[in-house]
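To start, the structure itself, in structure tokens.
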Amino acid sequence: MNDDHIREIYRQCLEVNRVTFADGEYGIAYQVLLVALRCGQRLRDLSFLSEVERLAEKESRYLDDHFPQCEYSNKAALPRGNLGLFQTAAHQARTM
């Protein structure tokens, strides 16, 4: 698969993430964000990785502020000794 195709998949993933997150489909939004993260990793594109990190942190904060009981929020995950999934994705992007 060529790099242009990977870039297109990345772009599509961010769009699907935006739509599904806005519709409250947080699990789907998280999964496509991970695909975008893998695209950035595959391309070795720091700007893509930074964008995924920024978006994951933004979505994590939104859930903590508006839906703290959501299984994907940090506030729900912390009592279990974990980070929320979106914060985990942000951490993965930082470490890549």
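Nothing here was measured: the structure is a model prediction, and the numbers come from that model. All heavy atoms count here, side chains included; hydrogens, waters and symmetry mates do not.
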Report the C-alpha separation of Gln69 and Phe67 in whole Å, then their side-chain angles, then the decisive distance to 0.1 Å, and conclude whether the side chain to side chain contact (heavy atoms under 4.5 Å, CB included) test is met.
CA-CA 5 Å; Gln69 74 286 359; Phe67 299 103; 3.9 Å; yes
For Asp64 and Arg61, run side chain to side chain contact (heavy atoms under 4.5 Å, CB included): C-alpha distance rounded to whole Å, both residues' side-chain angles, the deciding distance at 0.1 Å, then the answer.
CA-CA 5 Å; Asp64 285 346; Arg61 282 190 307 274; 5.6 Å; no
Please set out all donor-acceptor pairs under 3.5 angstrom arising from side-chain atoms of residues 47-54, sequence neighbours excluded.
| residue | atom | partner | partner atom | Å |
| --- | --- | --- | --- | --- |
| Ser47 | OG | Asp45 | OD1 | 2.4 |
| Ser50 | OG | Leu46 | O | 3.0 |
| Glu51 | OE1 | Arg54 | NE | 3.3 |
| Glu51 | OE2 | Arg54 | NH2 | 2.8 |
| Glu53 | OE2 | Arg94 | NH1 | 3.1 |

Identify each donor-acceptor pair in which a side-chain atom of residues 25-39 lies under 3.5 Å from a protein atom, sequence neighbours left out, and give them as a table.
| residue | atom | partner | partner atom | Å |
| --- | --- | --- | --- | --- |
| Arg38 | NH1 | Gln41 | OE1 | 3.4 |

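Nearest approach of Ala90 to Ala56, heavy atoms of both residues: N-CB, 3.7 Å.
Hydrophobic clustering keeps Ile9 apart from Val16 (ILVMFWY residues linked when any side-chain heavy atoms are closer than 4.5 Å, directly or through intermediates).
The distance from atom CD1 of Ile6 to atom SG of Cys13, rounded to the nearest 0.5 Å, is 10.0 Å.
Other members of a hydrophobic cluster containing Val19 are absent, since no ILVMFWY side chain comes under 4.5 Å of it, directly or through relayed contacts.
Every residue two or more places apart in sequence or in another chain that forms a ring-ring contact (aromatic ring centres under 6.0 Å, His included) with Tyr62 is listed here: Phe21, His66.
Counting only residues at least two apart or on different chains, the salt bridge (charged side-chain N to carboxylate O under 4.0 Å, His left out) pairs with a member in residues 1-17 are Asp3-Arg42, Asp4-Arg7, Glu8-Arg11, Glu15-Arg18.
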